[in-house]
Amino acid sequence: MDIIANGKDIILHQPDFDLDMTLDCGQAFRWERLSPVVYTGFAGKRPLTIEQRDDSTFVFKDTSMDDMAFWADYFDLERDYGSIKERFSEDEVLSRACKYGHGIRILKQDREETLLSFIISQNNNIPRIKLIISRLCALYGGFPTACEMRDADEDTLAPLKAGFRTRYLLDCIRRINSGETELDAISLMDSESAAKELMKIKGVGAKVAACTLLFGFQRLEVCPVDVWIRRVLEKCYPNGLPPCTKDFEGIAQQYLFYYFRGRDEELTP
DNA sequence: TTCCAGGCGTATC
DNA sequence: GATACGCATGGA
């Protein structure tokens, strides 16, 4: 990581990082692509506009050094994805996926936002997930905390058009506010117990729990299995992911998801 | 019109 | 414990 202040902006030189790949690979739903090289969005209530100048040069617009410390953490800039990709490349399919999505990084997102977002994601497509979340943010003026939604009911959330997921959101909000679900406590559990605890929330099954742990709790060993990854596993890894993914199955999963999503012809026998 | 989407709850066996 | 089916919504 190489950071230089430049007036109100920060210039970052960083390998293994690409905005399109990281912000549009289905892990975060609140980044808007203003142009092929400029994204704007939020982490929590903190705004950012970021521009990619070339393979490894990024401009964080109107960003202080203090803010930059936050963003460096959010974008997981300290982690050496190069060495992780090198390990993964022992495997032929993963090698291709890593080349294709070479600039993917796993974001360190807010826990509540990740949990609520992936409750919305179930049996849904990415454009509509983004739409529902944007309507939620419009309703509350930014992505709301569970506390801010404590008085919400079916009618409050009707404008989201989230369908059957609305009552799942409400159960999640209720449980967090009542203390039945404690994200701080969950963050201290091993991943298996944490998933089990998250799954006490209506609408949270194995997949949503796994996404929450991977993207919201930095459990990089947790591998969410959705319809796409299920197809990849059936076609390429009938005996499970290879040993070179150990401890980072979640990251491997994300390279595979980005590479195979939408490629029906590569996944149908 | 029918099928599908970063699934899950419920009924049934 | 495994499997089958319904579920809101909207784009293809």
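What you see is a predicted model; the values in this text were computed from it and never measured.
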Is the shortest side-chain N to carboxylate O distance from A/Arg105 to A/Asp18 below 4.0 Å?
-> no

Taking atom P in both C/dG11 and B/dC8, what distance in whole Å separates the two?
-> 24 Å

Heavy-atom donor-acceptor pair, A/Arg87 side chain to A/Cys244 backbone, under 3.5 Å | yes

What integer number of Å spans the C1' atoms of B/dC3 and C/dC7?
-> 15 Å

What integer number of Å spans the C1' atoms of C/dG6 and B/dC4?
-> 15 Å

Is the closest side-chain donor-acceptor distance between A/Asp184 and A/Ser187 under 3.5 Å?
-> no

If a protein heavy atom is under 4.0 Å from the base, mark B; if only from the sugar-phosphate, S; if neither, -; do that for nucleotides 6-13 of chain B going 5' to 3'.
-> BBSSS---

Do the side chain of A/Ser117 and the main chain of A/Thr114 share a donor and acceptor less than 3.5 angstrom apart?
-> no

Does any N or O in the side chain of A/Lys130 come within less than 3.5 Å of the main-chain N or O of A/Glu32, such that one atom is a donor and the other an acceptor?
-> no

Decide if the gap between the ring center of A/Phe215 and the ring center of A/Phe118 is smaller than 6.0 angstrom.
-> yes

On DNA chain C, reading 5' to 3', which nucleotide is the first and which the last to sit with an atom under 4.0 Å from a heavy atom of chain A, could you check?
-> C/dC7 to C/dG10

Test: A/Glu148 and A/Arg150 ion pair at under 4.0 Å | no

In terms of ring plane angle, is the pair A/Trp31 and A/Tyr74 parallel, tilted or perpendicular, where the classes change at 30° and 60°?
-> tilted

